[in-house]
2 protein chains.
Amino acid sequence: MMIQYKTKPTAEACLASINAVRDALYVLNGKWKMPLIIALVNGPKRFKDIQRSLQDITPKVLSKELRDLEMNEFVERKVFDTVPVTVLYELTPYADTLGPILEALRAWGTEHRQRIVESRRSEPVAV
Amino acid sequence: MMIQYKTKPTAEACLASINAVRDALYVLNGKWKMPLIIALVNGPKRFKDIQRSLQDITPKVLSKELRDLEMNEFVERKVFDTVPVTVLYELTPYADTLGPILEALRAWGTEHRQRIVESRRSEPVAV
DNA sequence: CAGTATCCCGCTGGATACTG
DNA sequence: CAGTATCCAGCGGGATACTG
């Protein structure tokens, strides 16, 4: 059984789970948000450094994703008055509450990749 | 700290985490896949019943999502030779490995909704 | 460095209607 | 019931170029 219920699962409990997951996905949607948060786990980073961490994200998209994360209070933007200007992006304490989600995704993704690789190995080679 | 590392986190470990999460998101992407899986947690369901569980999903989209989940071996489609035909969709054991992800999303989504509701309460009412 | 400005393509996914 | 067919809007998101 996937989700452990204290009591026998009712249709209402199931619906509540579905809606809770939809709420979560609503703010974590898209290709980049969760990887981006992970990129900031080890401490604040600059715009360009995040771009490097995420490999092939374009500045437009990164900018938009960072704004989204700011609006949802996952990320704080800090500007330093240097020349040229320095900007740091830092996770908020609220972002830390995403820990279990990210860890579960990381663990599963690792296993999943392994599974794919192994199934490829046992298949006839397609040329 | 969001993700617990056995040793001091290196840039490589961070990159590995990012890629693992990206792998996971690749097969779980979109608005419906995870809610759909939850809808099947309590046992196999028929097409129409899934549609009802997910409220406003259209048959076209549901059909496509189910095919995607079948391809990734999360769901098995079983046809029964009744009149009219009966089709059941059932989770595979592999879908069960998603348990921690879904539970983490459910728990976080529940808290998050609560947080939003509370912050709304303390704000001036916008008319 | 830290972004913005344009352009644009493809996919997601909704509306509606129809079929075996 | 269990879908498919068509049509279509929106936007996620990439490419490229440019700015303070």
Side-chain angles (χ1 to χ4, degrees), chain A residues 18-19 21-40 43-72 74-91, chain B residues 18-19 21-40 43-72 74-91:
Chain A
I18 290 174
N19 285 330
V21 169
R22 290 185 69 172
D23 288 343
L25 292 178
Y26 183 75
V27 292
L28 297 173
N29 58 20
K31 183 173 171 179
W32 295 110
K33 283 187 188 65
M34 295 199 269
L36 176 37
I37 289 172
I38 294 184
L40 293 175
K45 278 203 177 95
R46 306 174 67 166
F47 190 89
K48 195 74 177 181
D49 291 330
I50 300 175
Q51 232 188 312
R52 271 187 280 266
S53 297
L54 296 184
Q55 312 247 61
D56 48 2
I57 192 172
T58 61
K60 186 191 83 169
V61 173
L62 177 55
S63 172
K64 185 234 172 199
E65 297 294 304
L66 283 169
R67 254 175 291 147
D68 285 354
L69 293 178
E70 244 190 292
M71 278 182 33
N72 283 307
F74 294 137
V75 163
E76 193 177 351
R77 182 175 184 272
K78 293 183 173 172
V79 184
F80 296 87
D81 191 12
T82 55
V83 180
V85 65
T86 301
V87 179
L88 282 185
Y89 292 91
E90 184 172 19
L91 293 186
Chain B
I18 290 174
N19 285 330
V21 169
R22 291 185 68 171
D23 288 343
L25 292 179
Y26 183 74
V27 292
L28 298 174
N29 58 19
K31 182 174 172 179
W32 295 110
K33 284 187 188 66
M34 295 199 268
L36 178 37
I37 289 173
I38 293 183
L40 294 174
K45 277 205 178 95
R46 306 174 66 166
F47 191 88
K48 196 72 178 181
D49 291 330
I50 301 174
Q51 231 188 312
R52 271 187 279 266
S53 297
L54 296 184
Q55 315 244 62
D56 48 1
I57 191 170
T58 62
K60 188 191 83 172
V61 172
L62 177 54
S63 172
K64 185 235 172 198
E65 296 293 305
L66 283 168
R67 253 174 294 153
D68 285 355
L69 292 179
E70 244 191 292
M71 279 183 34
N72 284 307
F74 293 136
V75 163
E76 193 176 350
R77 183 177 183 271
K78 293 183 174 171
V79 183
F80 296 86
D81 191 11
T82 56
V83 180
V85 67
T86 301
V87 180
L88 283 185
Y89 292 91
E90 184 172 19
L91 293 186

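Just so it is clear: chains get the letters A, B, ... in the order the sequence lines come, proteins before strands, and each one is counted from 1.
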Residues in side-chain hydrogen bond (donor to acceptor under 3.5 Å, both in side chains) contact with A:R46, at least two apart in sequence or another chain: none
Report which part of the nucleic acid A:F80 touches: base, sugar-phosphate, or nothing (heavy-atom distance under 4.0 Å, all strands). nothing
Taking only residues two or more places apart in sequence, or in another chain, which ones meet B:E90 in a side-chain hydrogen bond (donor to acceptor under 3.5 Å, both in side chains)? B:K78
Contacts of A:E65 meeting side-chain hydrogen bond (donor to acceptor under 3.5 Å, both in side chains) (sequence neighbours excluded), chain-then-number -> A:K33
B:L54 and B:A39 have their tightest heavy-atom pair at CD2-CB, 4.4 Å
Partners passing side chain to side chain contact (heavy atoms under 4.5 Å, CB included) against A:D23 (at least two apart in sequence or in another chain): B:R113
Could you work out, with side chain to side chain contact (heavy atoms under 4.5 Å, CB included) as the rule, every residue matching A:V79, not counting sequence neighbours? A:R77, A:V85, A:V87
Contacts of A:K31 that satisfy side chain to side chain contact (heavy atoms under 4.5 Å, CB included) - sequence neighbours left out: B:R22
Please enumerate all residues that pass side chain to side chain contact (heavy atoms under 4.5 Å, CB included) together with B:K60, with sequence neighbours excluded. B:T58
I'd like a list of close polar pairs between nucleotides 11-14 of chain C and the protein, N/O only, cut-off under 3.5 Å.
residue, atom, partner, partner atom, Å
C:dG13, OP1, B:K31, N, 2.9
C:dG13, O6, B:K60, NZ, 3.4
C:dG14, OP1, B:K31, NZ, 2.6
C:dG14, OP2, B:W32, NE1, 3.3
C:dG14, O6, B:K60, NZ, 2.0

Taking any atom closer than 4.0 angstrom to a non-hydrogen atom of chain B, what span of DNA chain D does the protein reach, first nucleotide to last? D:dC1 to D:dC7
Who passes salt bridge (charged side-chain N to carboxylate O under 4.0 Å, His left out) against A:K64, sequence neighbours left out? A:D68
A correct dot-bracket answer for DNA chain D, with pairs being Watson-Crick or G-U at under 3.5 Å, [ ] for crossing pairs and | for inter-strand pairs, is ||||||||||||||||||||
Looking at residues at least two apart in the chain, or sitting in another chain, which of them share a salt bridge (charged side-chain N to carboxylate O under 4.0 Å, His left out) with B:R67? none
